[in-house]
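Any value given below was found using the heavy atoms of this structure, including those in side chains, with hydrogens, waters and symmetry copies removed. Reminder, nothing fancy here: chain letters follow the sequence lines and each chain counts from 1.
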Amino acid sequence: MQDRLLPAQVGQFRWIDIVGLENDAEISKLAQDLGLSDLSIADLFHLDQRPHTDIDGDLVQTVLRMPVRNQPFTDQITLVLGQDFVLTLREQRRDCLDGVRKRLAGGKGRIRNSSEYLFYSLCDAVVESFFPVLEEQGDLIEALEERILHNPSDGAMRNIHMLKRDLLVLRHAIWPMRDALAILQRDDTPQINTDLLPYLRDCSDHAFQLLDMVEVYRETAQGLVDLQLSSLSNRMNEVMKVLTMIATIFIPMTFIAGLYGMNFDRASPYNLPELGWRFGYLYAIGLMVISAAVMLFTFWRLGWIFGRSGADPNAAPPDAD
Amino acid sequence: MQDRLLPAQVGQFRWIDIVGLENDAEISKLAQDLGLSDLSIADLFHLDQRPHTDIDGDLVQTVLRMPVRNQPFTDQITLVLGQDFVLTLREQRRDCLDGVRKRLAGGKGRIRNSSEYLFYSLCDAVVESFFPVLEEQGDLIEALEERILHNPSDGAMRNIHMLKRDLLVLRHAIWPMRDALAILQRDDTPQINTDLLPYLRDCSDHAFQLLDMVEVYRETAQGLVDLQLSSLSNRMNEVMKVLTMIATIFIPMTFIAGLYGMNFDRASPYNLPELGWRFGYLYAIGLMVISAAVMLFTFWRLGWIFGRSGADPNAAPPDAD
Amino acid sequence: MQDRLLPAQVGQFRWIDIVGLENDAEISKLAQDLGLSDLSIADLFHLDQRPHTDIDGDLVQTVLRMPVRNQPFTDQITLVLGQDFVLTLREQRRDCLDGVRKRLAGGKGRIRNSSEYLFYSLCDAVVESFFPVLEEQGDLIEALEERILHNPSDGAMRNIHMLKRDLLVLRHAIWPMRDALAILQRDDTPQINTDLLPYLRDCSDHAFQLLDMVEVYRETAQGLVDLQLSSLSNRMNEVMKVLTMIATIFIPMTFIAGLYGMNFDRASPYNLPELGWRFGYLYAIGLMVISAAVMLFTFWRLGWIFGRSGADPNAAPPDAD
Amino acid sequence: MQDRLLPAQVGQFRWIDIVGLENDAEISKLAQDLGLSDLSIADLFHLDQRPHTDIDGDLVQTVLRMPVRNQPFTDQITLVLGQDFVLTLREQRRDCLDGVRKRLAGGKGRIRNSSEYLFYSLCDAVVESFFPVLEEQGDLIEALEERILHNPSDGAMRNIHMLKRDLLVLRHAIWPMRDALAILQRDDTPQINTDLLPYLRDCSDHAFQLLDMVEVYRETAQGLVDLQLSSLSNRMNEVMKVLTMIATIFIPMTFIAGLYGMNFDRASPYNLPELGWRFGYLYAIGLMVISAAVMLFTFWRLGWIFGRSGADPNAAPPDAD
Amino acid sequence: MQDRLLPAQVGQFRWIDIVGLENDAEISKLAQDLGLSDLSIADLFHLDQRPHTDIDGDLVQTVLRMPVRNQPFTDQITLVLGQDFVLTLREQRRDCLDGVRKRLAGGKGRIRNSSEYLFYSLCDAVVESFFPVLEEQGDLIEALEERILHNPSDGAMRNIHMLKRDLLVLRHAIWPMRDALAILQRDDTPQINTDLLPYLRDCSDHAFQLLDMVEVYRETAQGLVDLQLSSLSNRMNEVMKVLTMIATIFIPMTFIAGLYGMNFDRASPYNLPELGWRFGYLYAIGLMVISAAVMLFTFWRLGWIFGRSGADPNAAPPDAD
Ligand SMILES: [Mg+2]
Ligand SMILES: [Mg+2]
Ligand SMILES: [Mg+2]
Ligand SMILES: [Mg+2]
Ligand SMILES: [Mg+2]
Ligand SMILES: [Mg+2]
Ligand SMILES: [Mg+2]
Ligand SMILES: [Mg+2]
Ligand SMILES: [Mg+2]
Ligand SMILES: [Mg+2]
Ligand SMILES: [Mg+2]
Ligand SMILES: [Mg+2]
Ligand SMILES: [Mg+2]
Ligand SMILES: [Mg+2]
Ligand SMILES: [Mg+2]
Ligand SMILES: [Mg+2]
Ligand SMILES: [Mg+2]
Ligand SMILES: [Mg+2]
Ligand SMILES: [Mg+2]
Ligand SMILES: [Mg+2]
Ligand SMILES: [Mg+2]
Ligand SMILES: [Mg+2]
Ligand SMILES: [Mg+2]
Ligand SMILES: [Mg+2]
Ligand SMILES: [Mg+2]
Ligand SMILES: [Mg+2]
Ligand SMILES: [Mg+2]
Ligand SMILES: [Mg+2]
Ligand SMILES: [Mg+2]
Ligand SMILES: [Mg+2]
Ligand SMILES: [Mg+2]
């Protein structure tokens with residue numbers, strides 16, 4: 001980390017990029033030298049903050065959150081803007097600022113001319129880094145939709161739950177970013193030159209765009225819960241229909257078989273005379289066939305069999321879109 | 001596309017209508033010539049933006065979304081208003097601007113007199129183009145309502161889910177349009193002449209009307225989820241009732257048959273004396289009939305049969321509306 | 001319709017009441033003569049607008065919706081207030097303005113003195129006309145509550161769905177009426193004399209009261225969905241309990257009967273010795289009674305029978321309110 | 001009622017307390033004498049209003065709702081503040097103003113000195129009267145929670161529904177009370193002396209506190225719906241598990257019994273040789289025991305029996321709070 | 001308590017810390033001496049208030065709530081700031097102010113210099129004390145998630161319900177704290193020196209952070225309800241599938257056994273000729289095996305067996321995150 005404490009001297013201003021908070025004494029010392037107040041320095045070491053902007057005398061301190069890895073968990077990044085420096089502080093080495101570094105290295109135009117433009121570029125890079133993460137979430141949602149309709153198991157619900165939690169984390173990283181960026185655009189923030197305003201407004205627009213995406217995904221994910229519950233209920237209906245059909249067809253048939261399996265004394269002409277009929281067996285089987293036919297006819301009337309596939313074509317038009 | 005880059009010289013101002021973003025160098029060059037800032041030019045190539053209006057010096061840049069095909073997916077259209085030109089830029093050839101083209105060709109009144117009025121006419125055409133799409137969604141909802149009540153299958157839920165997703169897309173195209181149009185009506189937008197204000201207000205009213213329609217459809221679509229879950233639950237009740245009735249009628253009867261199918265040694269007078277009765281068979285059948293009658297009576301008392309149709313008339317009045 | 005175009009000359013101002021939009025040329029001509037702008041005239045023929053108020057030069061144009069028949073569908077009414085006239089325009093002949101007509105005919109006080117007071121009276125009549133419609137909806141809800149608790153069939157859910165849709169239509173007629181009325185009370189609406197303000201405020205209060213009623217009914221209707229789902233679930237529980245009790249009582253008994261219906265060779269002393277017992281039949285019946293008793297005891301322990309009615313009294317207090 | 005129309009002459013101002021609206025002519029006359037406008041007088045007879053405050057010239061007219069009996073239905077009370085009088089009007093004799101009457105009778109301090117302080121005291125008494133009613137609702141919720149977890153019957157859902165409806169009525173009595181009280185504290189209400197402001201702010205605080213309580217109870221009551229649905233679903237699971245266990249244990253056993261109850265001709269050595277075995281019966285019983293054991297083992301593996309109680313201890317910690 | 005009434009004389013100002021409200025006369029006397037108004041004194045004894053700040057002449061009275069024990073129930077703490085004193089009043093002895101006491105005892109810097117800084121430090125300590133409580137709630141949620149997915153019993157739902165109730169209590173302690181702190185930062189609160197503003201803003205930021213955490217937990221807890229309902233429904237599906245499979249495999253087999261257990265008179269060649277076949281028994285067993293095979297094949301086609309585990313791998317990718 002020490003090597004990073006060496007300021008990257010760029011034209012008239014420096015970008016000081018600190019990774020990791022272990023060297024707290026050194027960081028505090030540096031921050032004090034740069035003119036941060038005690039409260040601002042304390043905030044540097046306070047992780048898990050929500051994005052916001054504080055004006056600390058001549059300095060502007062903005063806390064943002066950036067997505068890390070391809071998991072939607074977010075990491076905090078603190079940016080401090082001074083007259084002749086930009087300080088960035090975060091815990092994890094991986095970040096989303098490589099694009100800015102390349103532009104600095106390339107030595108192209110405005111980004112080397114003022115600390116404010118670099119500060120804006122860093123904020124913009126953080127905002128932009130959410131887009132690929134959100135697009136991944138969108139793909140996950142589509143995969144889940146398909147899965148639920150074909151196999152509404154416990155796993156699907158667990159995945160929906162995780163998806164919703166991740167979107168919630170993203171929402172709480174993005175939502176307050178709008179305020180953090182709005183403060184930079186206020187009239188009473190003289191640290192930011194007015195010709196940066198269109199750039200910051202554009203950055204705000206992107207944050208709004210992100211929020212819109214999160215809201216769409218969140219609502220869609222909540223819709224997946226209903227889809228899952230309906231799918232489970234529908235699956236249960238099918239299971240029960242199979243059981244009911246098999247059971248109700250065979251139960252009367254089994255009863256008839258049981259009836260003629262009784263051992264009443266055939267000496268009496270009133271006891272089970274059917275057993276002595278020449279075509280008694282065929283008669284019994286006939287009874288069974290009739291009872292099964294009545295059941296099948298009933299199921300057809302209830303629309304449980306055949307009628308199903310016959311009813312769908314009429315209902316197909318809404319399916320066609 | 002090149003032919004479209006030739007400005008359609010109309011009176012004192014031009015309408016430049018660009019389709020497709022492939023010719024990016026040429027488009028950038030043209031935009032620079034028209035006086036757009038670098039940021040505005042970058043925005044021209046940024047698809048999937050949410051509707052909004054930016055003031056860029058003397059120019060007004062409005063991003064809107066318009067519905068494409070009869071699917072409710074939306075396409076972006078960027079409109080730029082200058083003193084002596086209107087620039088429109090979109091990706092797909094099909095659009096909703098034919099009405100405006102015809103009025104221009106017809107050479108009627110105000111639309112040929114000022115770029116601002118043309119700009120308004122284009123915005124209005126985009127807003128109006130949502131009405132037929134929303135009316136289609138309304139028809140879909142009514143078709144789904146009927147279908148769910150008659151056949152609450154998986155397909156219905158899938159359709160509801162798609163409908164909700166489409167309405168969500170429409171909502172996010174329409175909702176921010178109100179702000180985009182409101183900025184055009186602000187006092188600090190001198191690019192728009194005050195005598196256009198009633199027209200823009202009318203256009204805003206239509207956007208509000210659209211939003212109202214979307215909200216009604218969204219809430220109704222959410223209601224369909226409850227309808228579907230209740231229909232599935234109701235269907236399951238019916239299935240279970242059939243199973244329960246058949247099973248509980250035949251199970252005791254089958255037991256009685258099994259009882260008199262036992263092979264106890266008739267030598268003992270205490271073993272199955274019924275088997276030797278003259279009317280033993282009739283007695284057994286009588287037992288079975290009684291047990292079935294008790295079950296049917298119980299179902300009638302529980303209101304599962306007959307009583308149902310008898311209970312409905314009392315409850316009918318709320319049905320009558 | 002023509003006879004209605006003859007202005008009803010009342011004191012110093014006229015009330016022009018037009019029914020039906022077929023005579024569009026005539027209506028446009030009249031509106032132009034009265035001083036309406038082109039945009040306002042176009043709005044006269046645009047049905048299905050949401051309630052709102054536009055200031056059109058010296059004129060005030062208010063669009064409201066009024067309930068028609070005892071169905072909760074709403075019809076549009078456009079009111080235009082001028083110095084010396086009030087214009088009302090609607091499509092259906094039936095309206096809610098008879099009270100105003102009677103007061104005019106009776107020649108009582110203020111309503112004959114100024115077009116503004118007549119305009120207010122008409123708005124007020126429209127607002128008041130929603131009260132009986134909403135009270136009907138309240139009665140429907142109470143009837144549905146009773147029905148769901150006693151007979152949670154598909155029909156109930158269909159009725160809840162229709163009720164919710166009707167309340168949604170009413171809400172979207174009432175909600176924007178508040179803004180339409182608020183604009184009339186603004187300082188920058190000189191067309192309305194300040195001594196009408198208390199009257200308009202009173203009218204606004206009624207609109208708020210209506211909105212409160214709609215919100216209460218909407219929330220209650222949504223509660224009916226939960227009631228319906230719970231009722232269906234409860235009904236299913238009962239059905240399943242009946243099936244389970246009958247099945248689990250008779251299944252072991254039937255098994256025992258089947259056991260002693262087996263045909264093992266009695267030559268071996270180890271095969272079915274029970275069949276040869278003097279009291280074998282009684283023994284078998286004893287086994288069956290014991291198995292049934294065990295099942296009934298289990299159901300009693302599970303609280304499915306008897307215990308139910310014993311548990312309720314303790315839970316009764318919350319029932320008492 | 002007449003006796004109440006006699007003003008209770010108290011120091012320099014009168015408190016006129018009217019119960020019942022039958023004597024409308026007399027009440028109108030009195031109100032006119034006190035200086036109320038026609039609109040305000042009409043409002044006196046309009047029941048079921050939502051709480052609000054109107055400024056009527058020099059008078060302040062506040063409509064509030066107060067709970068009646070221990071039922072959470074609310075009754076309207078209209079308070080009018082004049083220079084030298086306070087008028088209260090309500091329909092039912094029972095009220096919540098006895099505390100104020102006692103303080104007046106006791107002749108203690110400020111309440112006898114100004115009509116404004118009496119007016120505040122009456123508003124405060126109305127606000128305070130909601131606290132015991134809400135605490136009762138809280139007790140009802142706790143009783144319902146217990147009941148649902150132990151006996152999720154239809155009755156519970158009916159009670160939840162009634163509870164939600166009552167809380168909704170209370171919410172719509174309390175929510176607009178905040179605005180009604182806020183108007184009294186506005187700078188442009190000179191009828192209220194500024195040294196009453198701390199008192200009115202305190203009263204507003206209590207109204208906010210009430211609203212908070214209602215919102216907590218409403219959300220908790222909505223949670224009870226989920227609790228009820230989950231309880232019903234859980235109960236169904238238990239019922240089904242019992243049925244499934246009994247059925248799946250006995251069905252194979254009954255099949256085996258049936259198998260050896262067949263009457264195939266033993267002349268063929270291939271037909272049912274088991275029937276001739278010396279230990280055939282024991283063999284059949286052995287088969288049955290094995291099949292039952294397999295089923296029981298399966299249920300144990302599925303965690304339906306024994307395993308349940310073994311899994312709970314691990315999950316107990318979250319239960320412990 | 002008396003010992004606590006002895007003011008802890010610290011530099012130029014005193015911190016008076018009162019525990020318990022029993023000594024009301026003494027407390028009232030002390031408060032009057034300190035300059036509190038009658039209304040403020042009454043408020044000291046009013047428990048269960050929502051957090052808010054009142055300006056009482058030169059004094060500032062802030063009511064906050066702090067969590068007690070590790071239960072999320074909250075206790076009220078009243079703080080009064082005067083020129084030369086800070087008064088704290090609460091009912092329970094345990095509090096969250098030990099950190100402040102240590103810093104005072106340690107005699108470090110600002111906290112001993114002004115009553116305002118002590119007042120801020122106390123507010124900050126109350127706000128900070130919610131963090132560990134909320135983190136505990138977060139752990140509870142994660143434990144519940146695991147439990148529901150593995151064992152969705154009644155207990156889980158009860159725990160979710162308690163969790164939601166506790167989070168609701170926390171939300172209503174935290175939400176109004178933001179307003180209570182905002183009033184301290186307003187321009188018209190001269191009792192607070194402007195150089196305390198950054199400290200109070202930092203404290204407000206922490207309150208917002210808390211609110212964000214509560215909202216995330218509340219939404220996640222609500223998601224657990226869906227998870228629980230889906231888990232129960234899924235579990236039911238499994239139970240029903242087991243029953244259906246066993247029943248539908250054995251019911252036809254049992255029927256066949258019953259068929260050949262009938263006692264028709266073998267004298268007729270048409271009665272049960274199968275019984276006389278040499279391989280009749282094998283034929284019957286063959287029929288049974290075929291019927292079972294058909295059923296198993298059907299279950300495999302429906303995806304109830306084997307196919308399940310075969311379908312999962314395809315659906316695994318969304319599981320992988
Ligand atoms: Mg926030
Ligand atoms: Mg949005
Ligand atoms: Mg949105
Ligand atoms: Mg949304
Ligand atoms: Mg939002
Ligand atoms: Mg949103
Ligand atoms: Mg839901
Ligand atoms: Mg938006
Ligand atoms: Mg609306
Ligand atoms: Mg709406
Ligand atoms: Mg809306
Ligand atoms: Mg709506
Ligand atoms: Mg609206
Ligand atoms: Mg309300
Ligand atoms: Mg409400
Ligand atoms: Mg409301
Ligand atoms: Mg509302
Ligand atoms: Mg719900
Ligand atoms: Mg309200
Ligand atoms: Mg609240
Ligand atoms: Mg709240
Ligand atoms: Mg709440
Ligand atoms: Mg609220
Ligand atoms: Mg709330
Ligand atoms: Mg639900
Ligand atoms: Mg609040
Ligand atoms: Mg937030
Ligand atoms: Mg949230
Ligand atoms: Mg929220
Ligand atoms: Mg919030
Ligand atoms: Mg939030």
Under 4.5 Å heavy-atom distance to chain A, tell me which part of [X] shows up: side chain, backbone, both or neither.
{"X": "E:M245", "value": "neither"}
{"X": "E:D202", "value": "side chain"}
{"X": "E:L224", "value": "both"}
{"X": "E:Q222", "value": "neither"}

With rounding to the nearest 0.5 Å, note down the distance linking [atom1] in [X] to [atom2] in [Y].
{"X": "A:E238", "Y": "E:M240", "atom1": "CD", "atom2": "CE", "answer": "13.5 Å"}
{"X": "E:R218", "Y": "A:L168", "atom1": "CZ", "atom2": "CG", "answer": "12.0 Å"}
{"X": "A:R50", "Y": "E:H206", "atom1": "CZ", "atom2": "NE2", "answer": "12.0 Å"}
{"X": "A:R235", "Y": "E:N237", "atom1": "CZ", "atom2": "CG", "answer": "8.0 Å"}
{"X": "A:H161", "Y": "E:L227", "atom1": "NE2", "atom2": "CG", "answer": "5.5 Å"}

[X] side chain to [Y] main-chain N or O, any donor-acceptor pair under 3.5 Å?
{"X": "E:Q209", "Y": "A:D48", "value": "yes"}
{"X": "E:N234", "Y": "A:L232", "value": "no"}
{"X": "E:N263", "Y": "A:M262", "value": "yes"}
{"X": "E:D265", "Y": "A:L275", "value": "no"}

Self-check item: Closest heavy-atom pair and its distance - E:S230, A:M157
Solution: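 Heavy atoms of E:S230 and A:M157 come nearest at OG-CG, 3.3 Å.
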Quiz item: Can you name the nearest heavy-atom pair linking A:R278 to E:P269, along with the distance?
Solution: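 Distance-wise, the nearest heavy atoms are NH1-CD, 4.2 Å.
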Quiz prompt | Parallel, tilted or perpendicular: ring planes of A:Y260 versus E:F264, cut at 30 and 60 degrees | solution =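 Correct class here is tilted.
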Quiz item: For chain A, which residues of residues 247-254 of chain E have at least one non-hydrogen atom nearer than 4.5 Å to it?
Solution: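 E:A247, E:T248, E:I251, E:P252, listed by number.
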Quiz item: Which one of E:T220, E:D205, E:L259 has the most heavy-atom pairs closer than 4.5 Å to chain A?
Solution: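 Among E:T220, E:D205, E:L259, the one with the most close pairs to chain A is E:D205.
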Quiz prompt | E:E219 with A:R171: basic N within carboxylate O range, under 4.0 Å | solution =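 No.
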Using salt bridge (charged side-chain N to carboxylate O under 4.0 Å, His left out) as the criterion, list what pairs up with [X], not counting sequence neighbours.
{"X": "A:D38", "result": "none"}
{"X": "A:R178", "result": "none"}
{"X": "E:E146", "result": "A:R158"}

Exercise. For side-chain contact (heavy atoms from CB on, under 4.5 Å), just list the numbers for E:F255 and A:M288, CA-CA rounded to whole Å, side-chain angles, deciding distance to a tenth of an Å, and then say yes or no.
Key: CA-CA 11 Å; E:F255 164 70; A:M288 291 170 186; 3.5 Å; yes
Self-check item: Which of A:I246, A:I285, A:T244 touches chain E most, by non-hydrogen pairs under 4.5 Å
Solution: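 Highest number of heavy-atom pairs under 4.5 Å: A:I246.
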Quiz item: For A:D54, is it the side chain, the backbone, both or neither that has a heavy atom under 4.5 Å from a heavy atom of chain E?
Solution: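 The answer is the side chain of A:D54.
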Quiz prompt | Part of A:V225 within contact of chain E (heavy atom distance under 4.5 Å) | solution =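 Just its side chain gets close to chain E.
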Quiz item: How about A:D58: does its CG atom have over 12 heavy atoms from other parts shown lying under 6.0 Å from it?
Solution: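 Check fails, neighbour count at 12 or below.
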Quiz item: Considering only heavy atoms from C-beta outward, does the side chain of A:K164 approach that of E:D226 to under 4.5 Å?
Solution: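 Yes - at least one pair of side-chain heavy atoms lies under 4.5 Å apart.
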Self-check item: Contact check, side chains of E:P273 and A:Y281, non-hydrogen atoms, under 4.5 Å
Solution: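 In short, these two side chains touch, coming nearer than 4.5 Å.
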Quiz item: Hey, would you say the A:F279 and E:Y270 ring centroids sit under 6.0 Å apart?
Solution: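 Judged by ring-centre distance (under 6.0 Å), A:F279 and E:Y270 do meet the cut-off.
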Practice problem: Given side-chain contact (heavy atoms from CB on, under 4.5 Å), test A:V242 with E:T298 step by step and report yes or no. | Solution: CA-CA 10 Å; A:V242 168; E:T298 307; over 6 Å; no
